[in-house]
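Heads up, the thing below is written out as structure tokens.
Heavy-atom basis, side chains included; hydrogens, waters and symmetry copies ignored.
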Amino acid sequence: MPKRTGFIAWYDRLISSFSIEDLFVRRRPPGPPRTIFINEPLPESYFDQKQRVLKEHQYNSNQVITSKYTLFTFLPRNLLEQFRRIANVFFLIIAILQFFPKFSTVSPGLVLLPLIVVLGMTGVKDAYEDIKRHHADRVVNSNEIRVLEGPGFTNHNAMAPKSKTFVRALKKRFGKGKGANKDVQALANSVLPESSEKGTRPASDTPDVEYDDFLAPDNAAGSRPHWKHSTWEDLRIGDFVKITDHDSIPADILICATSEDENVAFVETKNLDGETNLKSRNALPALTHLRSAADCADPRNVFEIECDRPEVLMHKLDAAVVINGERHPVDLQTTLLRGTVLRNTAWVIGIVMYTGLDTKLVLNAGGTPSKRSKVERQMNPMVLANLAILAAMAVACAIVDSALEHHYYPKQAPWLWGDNRSDDNPSINGLITFAFALITFQNIVPISLYISIEVVRTCQAAFIYFDMDIYYKKTDSPALARTFTLSDDLGQIEYIFSDKTGTLTQNAMVFRGASVGGKTYVDEEPVEAVEDKKSPDPSTMTGSDVGAPRETADPAIEPERTQLSGGLPLIPRSLDRDRHGHFWTTLALCHTVLAGINPRSGLLEYKAQSPDEAALVQAAADVGFEFQGRERDVLSLRTPFAREPLRFRLLNILEFTSARKRMSVLVRQLGEDGQPENKPILLFSKGADNVIFERLAPGGEELKAATEDQLDAFAREGLRTLTLAYRVVSDDEYSSWVARYQGALASMEDRESEIGRVSDEVEQGLLLLGATAIEDKLQDGVPEAIADLKNAGIKIWVLTGDKLETAIAIGHSTNLIGRDANIIIIRGGGNGAAIYSQMLRAAEEYFPSSGITSDPEVNAEALGALDAEGAPPRGTQLYPLHRVSSGVTSLVGSQNGQRPGGYVLVIDGLALTDALSDEPHKHLLLRLAMECEGVVCCRVSPKQKALVVKLVKDGIDTMTLAIGDGANDVSMIQAADVGVGISGEEGLQAVNASDYSIAQFRFLKRLLLVHGHWSYARNGNMINNFFYKNIICIGVLWWFVIYCGWSSAYVFEYTYLLFWNSFWTLAPVIAIGLFDRVVDDHVLMALPQLYRYGREGKWFGEKLFAVFMLDGVVQSAIIFFILLYGYFSPSARNDGFGVAQYEFSTTMAISAAMAANLFNGLNTRVWTAWVFFSVFVGIVLIWAYTAIYSLIAPGWFATPVYGNDHYLFRSPIFWFGIPITVLLALLPRYLYMAWSFGFQPNDLDILNWNYKYKPDMDLIHEAYLRHGEEEEARPPITPITPTTPHSASAAAGGPLGRPSFHASQIDMSTGVRSQSRGYDFAQEENGVAIRRMQSNLSGAAPSPLAQTKGRGNTLLRSLRNPLRRKHPSGEQ
């Protein structure tokens, strides 16, 4: 990574990297460990001598503020942010200077007005954006929650005071008016356990008060414990709260009791991890008796909650409830985190443990940053360069003027008469001339540039809003620019960091096929039919659109059948029948799904922690094995083989973990009397194919081989696979095993590994049943969008909370991981090699020529640590690799997995914890990641997402974009240079924190490739032309200084200089910023490679700035000297009198203005009517002004140019001088552009010319791109063509016509190298799910590009030939 040195490094360190936020945002350390006292006072040690609670025992309020400013900090913070622009500091100094009479040119207030306008406009815009944030904060903080109040209960825990905000929070009062008390009404409509037993509760006389019992309330409100409506921001540590169905959780809350029989609650965690599937949480067993307000307020229920300090890790929580000295552990399973939403649970009673800034959601969210575009950051050094030029000019004037005065004063020069005073002498006059020179040449830094940029960027934001191609009609969601100052950054993105669920996927799954007994059964239902199914309400149907719920009142109703091509006959042979029965029974029973009857609709519905589980259970139900629910430990199952439902006692659940990669259940069938029949204990297991195959009983090789082939076929079709097996467990074996299992559960040391070891004992000798295939559904156009973004040269990283296997699967399905790519896995957890050693080994083995191991900042000695830890030595492998046909070439394992598709790095959250822990780890991780085609980070927390973004952004000084749709993506969005929020189904947290919001991921392609490219090219060209048009004016002033004794006097009449940046030359540069197009949008969409012009910074930089500045200097010299010597050789007048200064200088002003406007027009690629108007309006205005201003008599007001028209318009020098100087000034640029267009055309020149004369040209087939001097054919993009399962084209790629994937997988933790199926399914821990269905939408044409240079040469000739012809229409 090259490091900047010299002035630029100093500037970046001191100025550009200066954080205003650090001055105004107090970085609060994490709160202290806490003990929460329930129904008891605080101990004396918590108070000081004045009986005030010590600060370390005062906890943060539940008020959360995401806005940037307050009423007191707005003015200083906003001004400091604006004065980070060096130009604003300079304008302020010049304005202050002119308040002194010695240096005053016009009214000092008039001089200060432009700066006030610039600061005011920017301040109003910033205030408007922040007021919207305050409004969002006010809405959140004013949400209502039911809090315990009443006699007998006092919360003694102390809270810190709330903060003051910019907009005063107005507390919303529900319960008054027409739509009052919506939460209470919704609660009344729910089916509560109390209402089912005791009837419906009468309405309370006080709308803000609720009672648990259904006795008539007392006349005096609050005479007994009750639930009072309060706002979120008033919530306190230790409060009892009651949360009802569909309520958002306001803080981190310990669950005491729930409305469900088993005290289970279901929550939607999409704001934390982006997943829309439900998670189950359980009440703490020691507190389940607290089921009402009276129970909670009972003074006999005294206990304490000991909590560790607030922890940023989303998957870690340490606390304990202490009751009479007995400790009961509290973990995430018994906690509701802020940001989650209660679903399918009537009510939950809990205790607040962490509030506000101490909650995990807020700890993982960063403060609102002050973002500045890259172009603006690049402008500051340019402004500094101009200031240096200005200082040099002023110093030169001061030195020469002082030297001339010292030389001529002794000779009694008449113009120096009286220069002998203290404030007027040859010595002091040098300093005065210096100050005057600063004022005279101040336009070298144009203040109007910043106003123009603000106006142009605002219009560019409007262009994005009104673009119908990125408008999502389904939800009526246009693309929206929430931050107007970053439009040009969209055209320079090099890295995209994307969330997965809700951003790339729709979190839906479809069961697509099964392999039972070596025979494949494929769902023949067309994809369109699956998509057309009506999805149930997500609030009542957990999981996904796994099929419509069915009525179960009549047991004779035949369940809906899945149409499988293999059919499911009831085979008389007992072996096949038993295998089918066990297969579907495994799907129907081996899960954590809950089933119940919806009391409103009477339909059976499943509550699943993940859509994959729901899809599998639904698939079993569709073929007749209908899971009907669980009553404590008894499972009910209806099968096609029995008229009455079968009942099974659930003995044990062996849960899925990252290490096990499987889930098992042990069950025994019950008789009608509820007692176990003389039936054996059955173990049903499902998991990843490699894990299940290792545990199969000997024999059955033919079935294993057939199933493995079918698994390969499913994987090639892009489906996620799962393998099923079972075994019979004898009573004696079970009795012995369950005793060891209970001991493992009670183990206090290394509990997880001990449980895994004991579980593995019973999961041996399995009998293979078959496999399943599930299709994941991506958002429309995601694979195509990612493919095109990669073709644009943008590297894409996926940061997801999913498990490693799911992360690899989504990488394949989204085209992030290619068909022939190699996957390098860096895995943490303590059982494998050290993270540093894993990364170093990967660098040495797979990137030996990268220079990573020879980097002085890399500790190469750590390579030996990997061997010492027991990993395989270099050059060896744990398992032999077989030859794999990849479709490109055949590679053997001895080549270390170096397949032709490059490498993709996959790293999990535990590994990231170490990799981001210190600078050596960060440096090595970054070097390794830079060598890979893409990176997938799995099991990452929101904080880790932000750290990864900052690692890349700061580590290699590159432009980053983060895109997500949930609250878990907020910190990542804020950390990136540009944050994009998807306004999907996960709320507006990500959108509120983003700079741009879109409705679908596929719209990102047009946002970057079209709007970003256009905005960056327009703004860069506009700024360069802005500097040019000012330097041509300053140049004329400078050349005149040589002839006026270096006195820094104006050559122009002052109003010509005053109006230079407002009337004469402003319109053309604004037109460039608004209407210029380097190439049409359809070309940019068809050829993503053109994005490299923006990504590589071709449109703005120091070199272009220097070229435009040099142009201005040369043109100013041509205009000044030709007109000067024309007017004074010997005289331009026919009466013999000398030429007045304003006579020849007005000609110079008109010539310079015309040259500047036409030069701006010359640099505009697309001339529309608006461009024509803009280029010529300034020319017309300066001509009209000259004619009219010269006619104003001194009787109206003092004017130094009265009668100037009499001399100007009658002079042949005027009429000949202007066109000659304008043409000569423009000639160098015109000749260069003509030569480069004719003999060295770039890609954009070729495309524009051919589109003009060949508007029907097929860009996809005909276009090729040139890089540097070499001409290269554009690499082909394999089209992603949607197919239906029964289409004719499906036969080539498999039953479903999907491309095959044969990526090589290298696990650096264990040293194992293997072929990756790409879609191996692992039952997700805590419920993780994705689903994929190939999109029918694509932003790019599907035809592949030509790979030969012949077409490219033909296209190049089609550009050059018309240059030699008179009639382009005759072109072939």
Shortest non-hydrogen separation from [X] to [Y] and the atoms involved:
X	Y	answer
A437	L390	O-CD1, 4.0 Å
A1149	I1182	O-CD1, 3.8 Å
R377	R372	NH1-O, 2.6 Å
L1208	F1214	O-CB, 3.3 Å

Just jot down the ring-ring contact (aromatic ring centres under 6.0 Å, His included) partners of [X], sequence neighbours excluded, or say none.
X	result
W1064	F1059, Y1185
Y1028	F1159
F434	none

When you compare the side chains of [X] and [Y], does any donor N or O come within less than 3.5 Å of an acceptor on the partner?
X	Y	value
N1061	K1029	yes
R457	S373	yes
D401	T433	yes
N1204	T1146	yes
N429	E405	yes

Tell me every residue that passes side-chain hydrogen bond (donor to acceptor under 3.5 Å, both in side chains) with [X], counting only those two or more places apart in sequence or in another chain.
X	answer
W1039	S1116
E1053	T1055, Y1189
Q1141	none
S1145	none

Looking at the rings of [X] and [Y], which for Trp means the six-membered one, are their centres under 6.0 Å apart?
X	Y	value
F1100	Y1016	no
W1014	W1099	no
Y1056	W1060	no

Indicate yes or no: at least one non-hydrogen side-chain atom of [X] is less than 4.5 angstrom from one of [Y].
X	Y	result
N1019	Q460	yes
Y450	T122	no
T1168	V1171	yes
R1018	V456	no
M1022	N1160	no
Q442	L1057	no
T1199	Y1202	yes

Practice problem: For N1021 and A1017, indicate whether the former's side chain and the latter's backbone hold a donor-acceptor pair under 3.5 Å. | Solution: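 No; zero donor-acceptor contacts below 3.5 Å.
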Exercise. Examine distances only and state if a side-chain atom of N386 and a backbone atom of I444 form a donor-acceptor pair shorter than 3.5 Å.
Key: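 A pair under 3.5 Å: yes.
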Quiz item: Would you call the rings of F1173 and W1170 parallel, tilted or perpendicular if under 30° counts as parallel and over 60° as perpendicular?
Solution: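 It falls in the perpendicular class, over 60°.
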Exercise. Output all residues satisfying side-chain contact (heavy atoms from CB on, under 4.5 Å) with F1216, sequence neighbours left out; order by chain, then residue number.
Key: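 Result, side-chain contact (heavy atoms from CB on, under 4.5 Å) vs F1216: P1212, I1220.
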Practice problem: Output all residues satisfying side-chain contact (heavy atoms from CB on, under 4.5 Å) with L449, sequence neighbours left out; order by chain, then residue number. | Solution: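 Checked L449 against side-chain contact (heavy atoms from CB on, under 4.5 Å); matches are M379, P446, I453, I1023, F1026, F1027.
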Under 3.5 Å, which donor-acceptor pairs do the side chains of residues 1068-1080 form with other protein atoms, sequence neighbours left out?
unit_1 : atom_1 : unit_2 : atom_2 : d
D1076  : OD1    : R1165  : N      : 2.9
D1076  : OD1    : V1166  : N      : 3.4
R1077  : NE     : D1080  : OD1    : 3.2
R1077  : NH2    : D1080  : OD1    : 3.4

Quiz prompt | Pairs involving residues 1211-1227, ordered by first then second residue, that meet side-chain hydrogen bond (donor to acceptor under 3.5 Å, both in side chains) (sequence neighbours left out) | solution =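 Qualifying pairs: S1151-T1221.
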Identify all side-chain donor-acceptor contacts of residues 1222-1238 below 3.5 Å with residues at least two apart in sequence or on another chain.
unit_1 : atom_1 : unit_2 : atom_2 : d
R1229  : NE     : D1111  : OD2    : 3.3
R1229  : NH1    : N1163  : OD1    : 2.9
R1229  : NH2    : D1111  : OD2    : 2.8
S1236  : OG     : Y1232  : O      : 3.0
S1236  : OG     : M1233  : O      : 3.1

Quiz item: Quick one: do R1092 and D1243 make a salt bridge, cutoff under 4.0 Å?
Solution: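 Yes.
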